[in-house]
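Okay, so here's the structure we're looking at.
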Amino acid sequence: MTVALLIDFGSTWTKLRAVDIDSGALLGTAQGPSTVKTDINVGLDAALSTLARAMNGLPDFAVRLASSSAAGGLRMVTVGLVRELTAEAARQAALGAGAKIVGAFAYRLTAADVAKIDALAPDIILLTGGTDGGNAEVIVHNARALTRATSRCPVVVAGNREATDTIVSLLSDAGWPVIAAANVLPALDVLDIEPARAAIRDVFMDRIVKAKGIDRAGANVDRVLMPTPAAVLEGAQLLADGVSGREGLGALVVVDPGGATTDVHSIGSGEPSTPGVIRYGLAEPRAKRTVEGDLGMRHNAAAIVDAIGLDALAERAAMSAADASAALARFQDVEAVPQSDTEVRLDEALVRAAIDTAVARHAGTLETVYTAQGPVQMQRGKDLSDVGWLIGTGGAVVHARDPARVLRVACADPHKPYELRPRAPRIALDADYLLYAAGLLAQVNPQAAFDCARSHLRVVDSNADDERSR
Amino acid sequence: MTQTIVTGVIGADTHIVGNRILSMALEDAGYRVVSLGALTPAADFIRAAIETAADAILVSSLYGQGELDCRGFRDLCIEAGLDDILLYVGGNLVVGKQPWNDVEQRFLDMGFDRAFPPGTRVETALAALAEDLAGREAKREPS
């Protein structure tokens, strides 16, 4: 038997999954603390010895792959021309590459913007602007502005192809590592973020891993392939699309509410589900990731309370406002695991609120425009109405008392028909936290990776139609 | 160099057919066409023109509300740094039977370089465009 070790260097935990490379069978799981700030190997060794106990000794791993969101994740700054066009395309590419966007700039960079980028000290900058054959002046201006910064970091250039050569020589002459990729928006109606994503991932693998001290785990890890959110997105895409010999699940949504942020991934075209609806705005990526930086169960619990109000939150948790405050105070400790019944209920109310808001922001919207020819419906973003699966991942959902109830808040609300959320998906859990592992294993054996993720999906609720037909 | 033209139907107007014919004719004539289609807000014409470094914007309006929709269009262009862009408008621009000369003047005052009445042939618009773009080119050359 050949075994793969799949590691997630998280911000709080170092997680391990041992998977049979040929069959995709899950052989063991373990976790240890995250110790990237001191020596990443301490946490990894602790996790490995737990795994050894669980598996009666460690096998000789054929391959050891890792993803990482430790040391602040992949911190990126994006630069584009028009906010709604190339600047937005750049954001989509960075998010799809699993980055945490710490700054997003549009139009011409000013001296103040450059100072701000210096202060942000990103790991990578993504520089875009202009369609192919379109505006070249602003992206060149922005490259020149960057040469006046004091710090240096890798720059991925993915703008108007006519400007690329000029920018590459401008920046490399000024001491910036530059990587050229295809334009994220080659034409106004063509979004092409895959080449930029791949370039970002290469930079991450080749340079960022080292810069963050993750490469010190070298003796125990063959390759740190990508940021963890990118691995989860890969896993989700694998489940949706399937691989040769395995039929995928089709369009799906994954929600991942964490301590500091809530991630939503959707795989699917997002085309209008009702005929006659006109699509509007920038084209959408088939594999789309959004991150709500203001919605987190612990670090950002206060923001959730601000968003929906303490009284409303307490009501949803069926408790008094005073009890809710007390429980919230205890959640100030970001590693707190809910203990009492009150805390568990409040925790669920928080996670439901976070999922509700995050999915509402991720999903597309319908707007009715009244024209001389009658009302016309216009769709912005992706229509997720007909998505077949809704999958929850992460402790906050998986360990909830009633995960189906928690996840159901992501679904369409008949009172809000303009929000294009999933109408009647099957609801399932990534119960053993395998999506990231599948995303990593897919690089070695996609079939086994698919089987591993698919067989461990725990269906917690199916839609009414399925129940009738059974 | 290939010149880039942005086309679209402005406002809450769904009449796409004429605009599509115009866009196809422009493509046949060798222009790079950025076709925004029906129901396009004024701001989207501007955004598209910036990102694609367009040479001209051709606005269609067929439902009689064009005057309202096009108000301030040139100002938006100037604000966005497109001071020099060629602006055309055409279609059923106003409600009712109004003398074309009055209507045309109103749109020229709004900052459009040309306005075209209903029933204008595609060739007429193409000829005007070629002439105006060549004129701009010639003006730029001396510098």
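Naming: A, B, ... by sequence-line order, numbering from 1 per chain.
Between the side chain of A:Asp132 and the backbone N or O of A:Arg161 there is at least one donor-acceptor pair closer than 3.5 Å. With hydrogens and angles disregarded, no donor-acceptor distance shorter than 3.5 Å links the side chain of B:Arg114 to the backbone of B:Asp132.
Residues A:Asp294 and A:Arg361 are paired through a salt bridge, judged by an N-O separation under 4.0 Å between the basic side chain and the carboxylate. Using a 4.0 Å cut-off between charged side-chain N and carboxylate O, B:Arg136 and B:Asp113 make a salt bridge. Ionic pairing of A:Glu88 and A:Arg83 is not present here: no N-O contact between side-chain nitrogen and carboxylate oxygen is shorter than 4.0 angstrom.
Residue contact with chain A, scored on non-hydrogen atoms closer than 4.5 Å, involves the backbone and the side chain of B:Leu39 alike. Using a 4.5 Å cut-off between heavy atoms, A:Val376 contacts chain B through its side chain alone, with no backbone atom that close. For chain A, the nearby part of B:Thr40 is the backbone; its heavy atoms alone come within less than 4.5 Å. Looking at A:Leu188, only its side chain comes within 4.5 Å of chain B, counting heavy atoms on both sides. With a 4.5 angstrom heavy-atom cutoff, A:Ile278 touches chain B only via side-chain atoms.
Of the residues considered (A:Val138, A:Leu81, A:Leu185), A:Leu81 shows the highest number of contacts with chain B, using heavy-atom pairs under 4.5 Å. Heavy-atom pairs under 4.5 Å with chain A were tallied for B:Ala48, B:Gly64, B:Ala49; the largest tally goes to B:Ala48. Among A:Asp189, A:Asn160, A:Leu85, the residue with the largest count of heavy-atom pairs under 4.5 Å with chain B is A:Leu85.
Between B:Phe112 and B:Phe73, the ring-plane angle classifies as tilted under the 30° and 60° cut-offs.
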